[in-house]
Number of protein chains: 2
Amino acid sequence: MKSVTIPPASVARLPLYLYALETLQSEGMGTISSEILANRVNVNAAKVRKDLSFLGTHGVRGVGYDSAVLGQEIREALGLTRDFGVVIVGIGNLGAALASYDSFGAARFHIVGLYDTNPEKIGTRIGDLEVRHLRHLAADVAEHDVEIGIITTPTAVAQEVAQQLEDCGIRSILNFAQTVLHTENAAVRRVDLSTELQILGYYLRSDRG
Amino acid sequence: MKSVTIPPASVARLPLYLYALETLQSEGMGTISSEILANRVNVNAAKVRKDLSFLGTHGVRGVGYDSAVLGQEIREALGLTRDFGVVIVGIGNLGAALASYDSFGAARFHIVGLYDTNPEKIGTRIGDLEVRHLRHLAADVAEHDVEIGIITTPTAVAQEVAQQLEDCGIRSILNFAQTVLHTENAAVRRVDLSTELQILGYYLRSDRG
DNA sequence: TAGTGTGAAATCTTTCACAGCA
DNA sequence: TGCTGTGAAAGATTTCACACTA
């Protein structure tokens, strides 16, 4: 791997820059400054330059960045130069919604499997995928090259599912269940609606004149 | 407002502690140590104690914390001692999934309105709410006491919807669209699937032996 | 001249380590 | 004795400010 380690806080912003660059490019902005990019992403221009400096230096002093080149640099830094197989476990309302959400950033992420344990769900179709019983997970993951698992199960079984994903060799998990997962090696990112609402609730607190 | 300002990083963890405490309580753990709580939330025990110290001191040296009392303290710090009205704008797959997701942390958050502009959606029901045209937003927000808006629209209209939410006096927005919103005063939290996947993708990069 | 790249300062966050108390 | 509460140290992140250069 050529690239140096990028600080986590910067990594988390790279997708935002990438999206903004794609938008700017589609608006015909071939060259952009850190200032413009910063405005789009709601951050400070110095932060943009610092973040981009971790990818190497690709700007031109007095001019700015070539949006196409910079976009490509970010894609490379993020490893978005290849495809990723994704499975979703737990095909309730949320899982089904994510399954049909096809415009996953630059189409590098492909949902290749949907799993549930509810007999009523098994065999139903979403797009061109059929919901399969969770017992098929291990074999399917081995056959297709799956690297990311999304957990949209009820909270009670999320930990157990995480374990199964890890046992299949999956190293990255996106957890929509309310619980905090414990994993051996897998990287986990947690997305939870009620947590987000509670955080917003805190900031509403003092806000009230 | 009695409470001191809590650092953002701590605020973001309080909902996790709260959820863990509720679980521990339901397991019959009336008293818990920072160590136990830390394990549940996957953080360091000193961090738990530091975070809790911002709420005032409620532990007993040599013993630990009373999980019921501590839970209540966290609820108060987060402002979860009253109800919050929530509206969802954009009733596609994701919006509909969130609308039917009723167990919003401790039931303090109540969805009171669903909006869309697609004539085919207007008038359909989810649970006991009917999807209404977005043009009713302002009047509805004024009538019910709505404080939080969730945006699950297509990216292209998210900014415009954010503006409308702000114009109605909403000060907190949860944004599921891919774009970064620009607001005058409203606090925004952004949740985006493709961003999360891209971040996970980065950590898969170097990981590969 | 306009805008990058980056040391250095400022700020925020985490972790350590231990005094103090039930 | 066991665990909290917290100063102080370490580490990470953000921001400033300016040398540099196309």
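For the numbers below, each heavy atom of this structure counts, side chains included, while hydrogens, waters and symmetry mates do not. So you know, we letter chains A, B, ... as the sequences are listed, proteins then strands, and number each from 1.
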**Asked** Would you say a side-chain N or O of B:Ser34 is under 4.0 Å from OP1 or OP2 of D:dT4?
**Response** yes
**Request:** Whole angstrom is fine here: how far is it from NE2 in B:His58 over to P in D:dT6?
**Result:** 11 Å
**Complete:** The correct set of residues in residues 61-71 of chain A placing a heavy atom under 4.0 Å from DNA chain C is A:Arg61, A:Gly62, A:Val63, A:Gly64, A:Tyr65
**Request:** Mind calculating the distance between CG (B:Asp51) and C1' (C:dT14) to the nearest angstrom?
**Result:** 10 Å
**Request:** Give the rounded distance in Å between these two atoms: CD1 of A:Ile32 and P of C:dA2.
**Result:** 18 Å
**Nearest-nucleotide comparison on DNA chain D, the residue closer to the 5′ end among B:Ala46 and A:Pro7** = B:Ala46
**Prompt:** Could you state the CD-P distance from B:Glu35 to C:dA17, rounded to the nearest angstrom?
**Reply:** 15 Å
**Item:** d(CZ, B:Phe54; P, C:dC12) in whole Å
**Value:** 12 Å
**Asked** Under 3.5 Å, is there a donor-acceptor pair between the B:Asn93 and A:Ser100 side chains?
**Response** yes
**Asked** Considering only side-chain heavy atoms of A:Lys47, which listed nucleotide, D:dC3, D:dT6, D:dT14, is closest?
**Response** D:dT14
**Message:** Tell me the interatomic distance from A:Leu37, atom CG, to C:dG3, atom P, rounded to whole angstroms.
**Reply:** 14 Å
**Message:** Using a heavy-atom cut-off of 4.0 Å across all strands, would you classify A:Ser10 as base, sugar-phosphate, or nothing?
**Reply:** nothing
**Item:** Distance, rounded to the nearest Å, where B:Lys50 contributes NZ and D:dC3 contributes P
**Value:** 20 Å
**Asked** Looking at the side chain of A:Ser33, which of D:dG5, C:dG3, C:dT14 is the nearest nucleotide?
**Response** C:dG3
**Request:** Determine whether the side chains of A:Arg190 and A:Thr195 contain a donor N or O and an acceptor N or O closer than 3.5 Å.
**Result:** yes
**Request:** Compare side-chain N and O positions of A:Thr57 against OP1 and OP2 of C:dG5 and report whether any pair is under 4.0 Å apart.
**Result:** yes
**Under the side chain to side chain donor-acceptor pair (under 3.5 Å) test, residues paired with A:Asn175 that sit two or more places apart** = none
**Request:** Please assess B:Ile88 against B:Thr152 for the test side chain to side chain contact (heavy atoms under 4.5 Å, CB included), listing each intermediate value before the final yes or no.
**Result:** CA-CA 7 Å; B:Ile88 302 180; B:Thr152 42; 3.4 Å; yes
**Prompt:** Under the 3.5 angstrom rule, does the side chain of A:Gln198 hit a backbone N or O of B:Leu78 as a donor-acceptor pair?
**Reply:** no
**Message:** One thing to verify: whether B:Glu184 and B:Arg171 come together as a salt bridge, which I'm taking to mean a side-chain N less than 4.0 angstrom from a carboxylate O.
**Reply:** no
**Message:** Is the phosphate of D:dC16 approached by A:Asn44 (side-chain N or O, under 4.0 Å from OP1 or OP2)?
**Reply:** yes
**Asked** How long is the line joining CG of B:Leu55 and P of D:dT6, in whole Å?
**Response** 12 Å
**Request:** Choose from C:dT13, D:dA22, D:dC18 the nucleotide whose nearest atom is closest to any side-chain atom of A:Arg49.
**Result:** D:dC18
**Prompt:** If you measure from the Lys or Arg side-chain nitrogens to the Asp or Glu carboxylate oxygens, is any gap between A:Arg40 and A:Glu35 under 4.0 Å?
**Reply:** no
